[in-house]
Amino acid sequence: MEFKRHSFILAVIDALHDHGSWTGKTHVQKALSLLHDAGEVEVPFKFVLYKHGPYSFDVEEELEQVQSYGAVAIDTNVRGYGVVLHSGKMANYAREAAPLSADEQAAIERVCAFVGQKNVVELERLATAAWIRRREKLDTTEKVVGRLRKLKPHVTAAEAACADAEAARWLQTAQSHASEANGAHAARR
């Protein structure tokens, strides 16, 4: 079992709840994708650009596995669409098998604060804009908006520009945290 992956998933689930998210599967997927693109810590999942933005088959597989041994519980979302993920009775087993570092935990807290109460439509646009900036190396709003609209014609230019501006601010903030962390690590050596 990939307990490090399970610890990441559990930390994201817990932090999303702490920041007011209803914590569906999409929230976990997009939070981990944004965390990966931020580059603060190494995220142990691979992502592809899929129909609704960045998606990880690894995350989906690991979610099934943590649910199978009781580390994650899934409830029906009584407020509407989808499911709500919670830490299950065996969550501490996974956490203790592969504890996260303080840097990993802090980065997860920051991304989950950013994701917060955003809905899945907002997260699709944000995660896709971050993907375009980081993975496709497009660095101007005009280029990102054009690419995002090509991928998702249903997204208006204004929505794409708003998503890009928010994603760009998030990525810049994450880079600042990564630089500070690297400086602190170098000073301790």
Can you tell me how far NE2 of His6 sits from CG of Leu63, rounded to the nearest 0.5 angstrom?
-> 9.0 Å
Counting distance only, does the side-chain N/O of [X] pair as donor-acceptor with the main-chain N or O of [Y] below 3.5 Å?
{"X": "Lys152", "Y": "Lys51", "value": "yes"}
{"X": "Glu122", "Y": "Asn119", "value": "yes"}
{"X": "Asp58", "Y": "Lys46", "value": "yes"}
{"X": "Ser33", "Y": "Pro54", "value": "no"}

Polar contact flag, side-chain donor to acceptor under 3.5 angstrom, Arg149-Thr156 =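 There is no such pair between these side chains.
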Under 3.5 Å side-chain donor-acceptor pair for Arg125 and His52 = no
Shared hydrophobic cluster, Val120 / Leu151 (ILVMFWY, side-chain heavy atoms < 4.5 Å) =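 No, because Val120 and Leu151 fall into different hydrophobic clusters, even though each may have its own neighbours under 4.5 Å.
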According to a 4.5 Å side-chain heavy-atom criterion applied to Ile, Leu, Val, Met, Phe, Trp and Tyr, with indirect links allowed, do Ile13 and Trp22 form part of one hydrophobic cluster?
-> no
Heavy-atom neighbours of Glu60 CD exceed 12 at 6.0 Å | yes
Would you please indicate yes or no on a ring centroid separation below 6.0 angstrom for Phe47 and Phe57?
->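 Between Phe57 and Phe47, the centre distance exceeds or equals 6.0 Å.
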Parallel, tilted or perpendicular: ring planes of Tyr50 versus Tyr55, cut at 30 and 60 degrees = parallel
Parallel, tilted or perpendicular: rings of His17 and His86 (30°, 60°) |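 If you compare the ring of His86 with that of His17, the planes turn out parallel.
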So, do Val121 and Glu159 sit near enough that their side-chain heavy atoms are less than 4.5 Å apart?
->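 Side chain of Val121 against side chain of Glu159, heavy atoms only: no contact under 4.5 Å found.
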4.5 Å side-chain heavy-atom contact, Thr76 and Val83 | no
NZ or CZ of Lys118 within 45° of Phe114 ring axis and under 6.0 Å | yes
State which residues pass side-chain contact (heavy atoms from CB on, under 4.5 Å) with Ala167; sequence neighbours excluded, sorted by chain then number.
->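 With neighbours one apart ignored, the set is Leu126, Ala129, Ala130.
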Residues in side-chain contact (heavy atoms from CB on, under 4.5 Å) with Ser21, at least two apart?
-> Leu16, Thr23, His27
Between [Y] and [X], is the closest basic N to carboxylate O distance under 4.0 Å?
{"X": "Arg147", "Y": "Asp164", "answer": "no"}
{"X": "Glu61", "Y": "Arg5", "answer": "no"}
{"X": "Asp139", "Y": "Arg133", "answer": "no"}

